[in-house]
Amino acid sequence: VSPASLIAVGQCGNQIGCCFWDLALREHAAVNQQGVYDEAISSFFRNVDTRILPLGRPGGVVNEILQGPLRDVFDSKQLITDISGSGNNWAVGHKVFGSLYQEQILEKLRKSAEHCDCLQCFFIIHSMGGGTGSGLGTFLLKVLEDEFPEVYRFVTSVYPSAEDDVITSPYNSILAMKELNEHADCVLPIDNQSLFDIISKIDLMVNSGKLGTTIKAKSLVTSSAGAVKKRHQKPFDAMNNIVANLLLNLTSSARFEGSLNMDLNEISMNLVPFPQLHYLVSSLTPLYTLADVNIPTRRLDQMFSDAFSKDHQLIRADPKHSLYLACALMVRGNVQVSDLRRNIERLKPSLRFISWNQEGWKTSLCSVPPVGHSHSLLALANNTCVKPTFMELRDRFTRLYKKKAHLHHYLQIEGMEESCFMEAVSSLSRLIEEYNQLDATKCMPVEDLPRLSIAM
Amino acid sequence: MSVVTVQLGQCGNQIGFEVFDALYSDSHCPQGLCSERENEAYQASSKERFFSEEENGVSIARAVLVDMEPKVINQTLSKAAQSGQWKYAQHSCFCQKEGSGNNWAYGYSVHGPRHEESIMNLIQKEVEKCDSLSGFFIIMSMAGGTGSGLGAFVTQNLQDQYSNSLKMNQIIWPYGTGEVIVQNYNSVLTLSHLYRSSDALLVHENDAIHKICAKLMNIKQISFSDINQVLAHQLGSVFQPTYSVEGSCHYRRNPLGINWQVRPPLPGLPTLGKVSLNRELHFNTSIANLVILRGKDVHSADLGGFKDPALYTSWLEPIDAFNVWKTQRAFSKYEKSAALVSNSQFLLKPLDTIVGKAWNMFASKAYIHQYTKFGIEEEDFLDSFTLLEQVVASYCNL
């Protein structure tokens, strides 16, 4: 209900953003057949005007948006396109384009915010490994924090996988991490390898012809048949679909009615116990649309079990064998509170929660399922299993930095010095150390602290 | 005498609807198992308490709906209107667009002062419609942000503005296994504040009602709707009219007319020396019990068991602590029904558990920054903990 504003930065960000709008429009169209403008739609749309601010190279994604079937959804005045691209250089994105475009961006954001009755949060979508999304995207965080301090900043960040073809991605990622540490309220890290693995699994299921598993044509998860853009499948299309679904499910309880609503500002409140520990691991289930409509209880419980399996996480992580600080279960569709309670009680013994948050569950029930499913689950975990991703990132950075490879591209940018890199690594190391300390408590027995004694 | 209901937050509004629906259905139930004249008296009494009437005869719930986001209120209003029999008044709701984010501090310190005037004006309007005001019934949850924080703020205001009217808060206790991560903080803050301004806290635990749905009613897939309907049924059986005097057929006018204030004897006075015969049976010690009987054979029911001194604390005689209300008019088609409202150690364990968990979390300082951001400091938490430890100790000492 309280509007969110989507800001997609860079090529990756824009591709995901496009996917998201496509799915969101279809979802609302499916729910509201008369096309009557209603509350739910206004959560993200405003008279088919959009609040998206795609930023990126012309001739690339942005041009497609401007010429494609979705062009009516986007007010071209909301787009900002630069001329030359960032050359996969965080410093160019952050320092050069940051200062160049700050005013222009701010103006568009202010105009956008004027139309929102009550702006609650910004969703920023970008990748970490490149130049624009990584550099300019994180520059924006500081701008948003200064200009709209009351509005939450949710960042969906795509982290580079080990085989990333951008050589300087470790530099870009580390520099961006420092900004995320300091200026984001909540980060949902995603990595391409995990998305790819999930897509492969789905393909396997479809092609194996297993009894009773066929992908419904209208499923929003994997197919773009019926989607607005009909060009040939790009390699990242299916992967972007998953991230777009993540955002869709994250906002579903705010857009649609349910017996236990969850607003966007409740995510940060419940899942961020300390300001610096704001990285959430996400998982989406079920990923397959099954042919049978009437789902017996066993399958429903399977959906909950899968949410905790390492195969369903959107980054390489194993929450079951790490420590939970907090966990949110956002359910959509024909699921009732007893299903939720039953599964929490069933799964709880196999999960480790920190001593002061043994019942650290945040739950929501939204009545409207995603198109093509009867129910779905998004799990968000504040869990120490996010640590390996950060440690790997630091390792890759160290390997590259030791050789001083490609460093001059960064240092030649005004405002960039070696100390920038050092500070960024320190910031990351401090974060990793915090997770280490939490992990150290994993095996300690849970004891109740002595209570206040009262004189009667 | 009339009761004005204030429904706060998603929980409060969802339950409020079910309560009014249950009250209306029961009032207009044709099978009262009593004479027509009796039925009419019952109906009239119930109506006066909970509904006002439009010119065309449609019943309007005496209620004010408050929420910080519009979805639930919109649903509640339309569900009521759909019934075609009763509805909420057209301008009886107050709504915002941003929610409270499950943050007690936001509900109490930001929404409260910001919307104080509007909300109190709505309540005043509803009060003015009553010929005679008995008091307020405030429905809220403890776990979230609006019901809990704004609910505490509104109750405080009601205490200031209507100090002669009774305020009873219907509080929903969240599932023990966690619905909202900061539910224990929100609960502690809510209870400590309500203790200072409310006259009575009527508690329902989600876990307990869930068990009723599962074990006693055999519902397979339990929804919040099921839970709320059970709750509404229980509340209906407590608040519908009963005879004012033993043996009379007139309905008591004051629905909240229980002597809620019970005070332990001052130190130094001798406690009443009693030896109870049934100490082997383990009951939670009570300081007050109210039994409500409806339907057939109410006048011949044997209530001796409730008068056993073993049930009560040593400084109370059962005659002072035990009350019965009756009516021959059956409730909701049940030939016989009984309700028990009890002020006892029953809630000691759940309260102690919540305080303990909140304390453990507080010691780690987790989530505290979310509260201090809006003006609730660590000191406020400590004050709340202190108050509740005193409550726990008081009940323990019974």
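Since we're looking at a predicted model, the values are computed, not measured. To find a chain, count down the sequence lines: A is the first, B the second, and so on, and within it residues start at 1.
- Taking B:Phe94 as the reference, B:His115 meet the ring-ring contact (aromatic ring centres under 6.0 Å, His included) condition, with sequence neighbours excluded.
- Looking at A:Gln358, there are no atoms closer than 4.5 Å to chain B (heavy atoms on both sides), in backbone or side chain.
- Separation of atoms CZ (A:Arg341) and CG (B:Asp207) is listed at 7.5 Å; rounding is to 0.5 Å.
- Chain B forms the most heavy-atom pairs under 4.5 Å with one residue out of A:Val337, A:Val335, A:Thr363, and that residue is A:Val337.
- Looking at heavy atoms from C-beta onward, A:Glu257 lies out of side-chain contact with B:Asn74 at the 4.5 angstrom threshold.
- Residues B:Tyr175 and A:Ile344 have side chains not in contact (no heavy-atom distance under 4.5 Å, counting atoms from C-beta outward).
- Closest of all the heavy-atom pairs between A:Leu452 and B:Phe385 is CD1-CB, 3.8 Å.
- For the residue pair A:Trp361 and B:Thr177, the shortest heavy atom distance occurs at CD1-O, 3.2 Å.
- Rounding to the nearest 0.5 Å places OG of B:Ser364 at 7.0 Å from CD1 of A:Ile354.
- Proximity of a side-chain donor or acceptor of A:Glu359 to a complementary backbone N or O of B:Val180 within less than 3.5 Å is not detected.
- Contacts between B:Phe362 and chain A at a heavy-atom distance below 4.5 Å are absent for every atom of the residue.
- The residue among B:Lys220, B:Gln14, B:Gln221, B:Met361 with the most heavy atom pairs within less than 4.5 Å of chain A is B:Gln221.
- Judged by distance alone, with hydrogens and angles left aside, the side-chain atoms of B:Asn360 form a donor-acceptor pair with the main-chain N or O of A:Leu449 at under 3.5 Å.
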Item to check | Evaluation steps, side-chain contact (heavy atoms from CB on, under 4.5 Å), between A:Met269 and B:Asn103 | outcome: CA-CA 7 Å; A:Met269 177 69 187; B:Asn103 191 329; 3.4 Å; yes
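- For the residue pair A:Phe256 and B:Lys71, the shortest heavy atom distance occurs at O-CE, 3.1 Å.
- A donor and an acceptor atom, one from each side chain of B:Glu69 and A:Asn261, are located under 3.5 Å apart.
- Taking OG of A:Ser259 as the reference point, atom CD of B:Gln10 lies at 7.0 Å (rounded to 0.5 Å).
- Between the NZ atom in A:Lys362 and the CD atom in B:Gln183 there is a gap of 9.5 Å [rounded to 0.5 Å].
- For chain B, the nearby part of A:Leu325 is the backbone; its heavy atoms alone come within less than 4.5 Å.
- In this structure, no portion of A:Phe353 lies under 4.5 Å from any heavy atom of chain B.
- Within the 3.5 Å criterion, the main-chain N or O of A:Val272 finds a donor-acceptor partner in the side chain of B:Gln370.
- Atoms CD1 and SG, on B:Ile181 and A:Cys327 in that order, are 7.5 Å from each other to the nearest 0.5 Å.
- A distance of 11.0 Å separates CG of A:Asn270 from CD of B:Glu179, quoted to the nearest 0.5 Å.
- In this structure the side chain of A:Trp356 reaches within 4.5 angstrom of the side chain of B:Tyr367, judged on heavy atoms.
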Item to check | Working for salt bridge (Lys or Arg N to Asp or Glu O under 4.0 Å), residues B:Asp352 and A:Arg451 | outcome: CA-CA 10 Å; B:Asp352 191 59; A:Arg451 301 260 290 269; 2.7 Å; yes
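- Neither the backbone nor the side chain of A:Asn382 comes within less than 4.5 Å of any heavy atom in chain B.
- Between the side chains of B:Lys357 and A:Asn357, no donor N or O sits under 3.5 Å from an acceptor N or O.
- Using a 4.5 Å heavy-atom cutoff, the side chains of A:Asn265 and B:Tyr106 are not in contact.
- Annotation: maximal heavy-atom pairing with chain B below 4.5 Å, among A:Ala328, A:Gly360, A:Pro275, occurs at A:Pro275.
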